[in-house]
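A short write-up of the structure that comes next.
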Amino acid sequence: MIGRSAPLDRSYVGQTETGAACLSAPRRERSYLSLKLDDPSFNVTPRAVLLEG
């Protein structure tokens, strides 16, 4: 079983990790991926929620 906070996928630029996607499951809603990009060149850390359509 995969833990809720364990990254399911990671994003890379070359060999440098720049972000991670984690599975989230709110109580009454369907699960979704929470993506956070963390790169020192960004002024703000972008975050996104990825839902299946």
Side-chain angles (χ1 to χ4, degrees):
M1 182 174 169
I2 298 172
R4 277 186 71 200
S5 61
L8 290 178
D9 204 358
R10 298 178 187 272
S11 63
Y12 291 88
V13 174
Q15 294 183 349
T16 304
E17 183 179 337
T18 58
C22 298
L23 182 62
S24 298
R27 293 181 188 166
R28 296 181 185 165
E29 300 292 325
R30 61 185 177 191
S31 61
Y32 60 91
L33 287 176
S34 174
L35 175 66
K36 176 184 171 188
L37 297 176
D38 188 21
D39 187 294
S41 66
F42 298 145
N43 292 332
V44 177
T45 301
R47 296 177 184 261
V49 172
L50 306 173
L51 301 170
E52 186 175 338

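All values below were derived from every heavy atom in this structure, side-chain atoms included, with hydrogens, water molecules and symmetry-related copies excluded.
To the nearest 0.5 Å, the span separating CZ on Arg10 from CG on Leu35 amounts to 12.0 Å. Distance OG1/Thr18 to CG/Asp38: 8.5 Å, rounded to 0.5 Å.
Shown here for Val49 and Tyr32, the closest heavy-atom pair between the two residues is CG1-CD1, 3.4 Å. For the residue pair Cys22 and Pro7, the shortest heavy atom distance occurs at SG-CA, 3.8 Å.
Taken together through direct or relayed side-chain contacts under 4.5 Å among Ile, Leu, Val, Met, Phe, Trp and Tyr, Leu37 and Val13 form parts of separate hydrophobic clusters.
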